[in-house]
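For reference, the structure discussed in these notes is given below.
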Amino acid sequence: MANAPVTVTITGAAGNIGYSLLFRIAEGTVFGPDTPVNLRLLEIPPAMNAAKGVAMELADSAFDTLYDVDIFDDANKAFEGANLALLVGAMPRKKGMERADLMEANGGIFGPQGKAINDNAADDVKIVVVGNPANTNALIAANAAPDIPNERFTAMMRLDHTRAISQLAAKVGARNEDIRKMVVWGNHSADQYPDVSYATVGGKPAASLVDESWLSDEFRPRVAKRGAEIIEVRGASSAASAASGAIAQSRDWVQGTPEGDFTTIGLYSDGSHYGVPEGIVFGFPGVAKNGAWEVVDGLKVSAATRAGIDANVKALLEEREIITSLGLL
Ligand code: NDP
């Protein structure tokens, strides 16, 4: 193989998202056909056998690009040498659980994992947080990793982004590939603000093809609540599409975003973009170049977009207050 192997660590590897994610990474979707991959799977002890079964299936697939698969229940070992870390495993919300309970449970997972990444991963490690609440889990992990630049801890906003593209394409009768410059501002939650203000469809402004009532009554709520719609129809939460989002976000980070387009990236805010304060992980329009994300600046912000951004800032600051009061930050 032309390139040196890369190491990818996946947490919650035996879960539903992991099951879709692993095979596509093993097949070369993120790093390309000339880069072999070593997979390191992290699971909790009760799921070790399930992870072993997945590793057996990976072996049976005999992918040219898959060199090694190792399984761990110890985060320090699992993140050793990781170039890409996909943090998927998280505590699901159980009946009667308040938001603060969920954050406390997940803080207990993402804080130690951030530290384990800090202490053991490769210098160039890239982190994609999928487990919910993804933005705030990414913040907790980043805070526990003082030696790693904060902007390397990204939250997965890519599925929200592709959901928005798909809804717009269906509405105007276009193909996904015709749509450019979509953005979903803010939090991977029902607060998110899917925004077609800059989007084009075959080069035409999307806003000229749809009316405001469709945007406010159908598009935005549907994109934001798509996860619940999938659960209702499928009887289980989205897993393959979440894996697709994590793959697309990772692939663009490694290989670069296409020229002339941008995507949505959940990025640690340094306080210099669109009035979003420092110290929250926020969905921004972004491009990846030479292995790093950059926020696309200079977009004209309408009053509606401003209100959408501000509502998400408020929601994420509230989440930050909760984790601060719990001593997780
Ligand atoms: P999934 O693989 O279906 O989901 C994992 C996480 O991804 C959840 O937090 C889920 O959030 C989140 N997620 C983000 N975006 C989406 C989306 N669009 N659709 C659906 N989920 C999304 O969960 P499973 O329960 O199947 O698997 C989790 C695995 O993690 C298990 O194997 C378990 O053993 C492991 N685990 C590991 C822990 C650790 O590493 N310490 C701790 C807890 C579990 P949401 O819950 O909001 O749907």
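Model, not experiment: these values are computed from the prediction. Whatever order the structure lists them in is the order used to number ligands and atoms, beginning at 1.
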Mark yes or no for whether [X], through its side chain, and [Y], through its backbone, hold a donor-acceptor pair below 3.5 Å.
X      : Y      : value
Ser189 : Asp191 : yes
Arg40  : Lys77  : yes
Thr35  : Asn3   : no

Which of the numbered atoms in ligand 1 are under 4.0 angstrom from any heavy atom belonging to [X]?
X      : value
Leu159 : 18 (N)
Ala14  : 32 (O)
His188 : 15 (N)

_In one Ile/Leu/Val/Met/Phe/Trp/Tyr side-chain cluster, 4.5 Å: Leu317, Leu328_ = no

Under 4.0 Å, heavy-atom basis, I'd like to know which part of [X] is in contact with ligand 1: side chain, backbone, both or neither.
X      : answer
Ile44  : side chain
Ala47  : side chain
Val130 : both
Arg226 : neither
Gln113 : side chain
Ile109 : side chain

How close does the nearest protein non-hydrogen atom get to [atom], and which residue and atom is it?
atom                    : value
atom 13 (N) of ligand 1 : Asn132 ND2, 3.4 Å
atom 23 (O) of ligand 1 : Asn16 N, 4.4 Å
atom 19 (N) of ligand 1 : Ser238 OG, 2.6 Å
atom 7 (O) of ligand 1  : Ile17 CD1, 3.3 Å
atom 6 (C) of ligand 1  : Val88 O, 3.1 Å
atom 43 (C) of ligand 1 : Ala90 O, 3.4 Å
atom 36 (N) of ligand 1 : Gly89 CA, 4.0 Å
atom 35 (C) of ligand 1 : Glu43 OE1, 3.4 Å

*Please state whether Arg163 comes within less than 4.0 angstrom of ligand 1, counting heavy atoms only.*
yes

*Return yes when Ala134 approaches ligand 1 closer than 4.0 angstrom through a heavy atom, no otherwise.*
no

*How about Trp293 and Phe284: do any of their side-chain heavy atoms sit closer than 4.5 Å?*
no

One thing to verify: whether [Y] and [X] come together as a salt bridge, which I'm taking to mean a side-chain N less than 4.0 angstrom from a carboxylate O.
X      : Y      : value
Glu278 : Arg320 : no
Asp310 : Lys314 : no
Glu27  : Arg24  : no

*From Leu329 CG over to Asn143 CG, what is the distance, rounded to the nearest 0.5 angstrom?*
4.0 Å

*Do Arg158 and Thr263 have side-chain N/O donor and acceptor atoms under 3.5 Å apart?*
yes

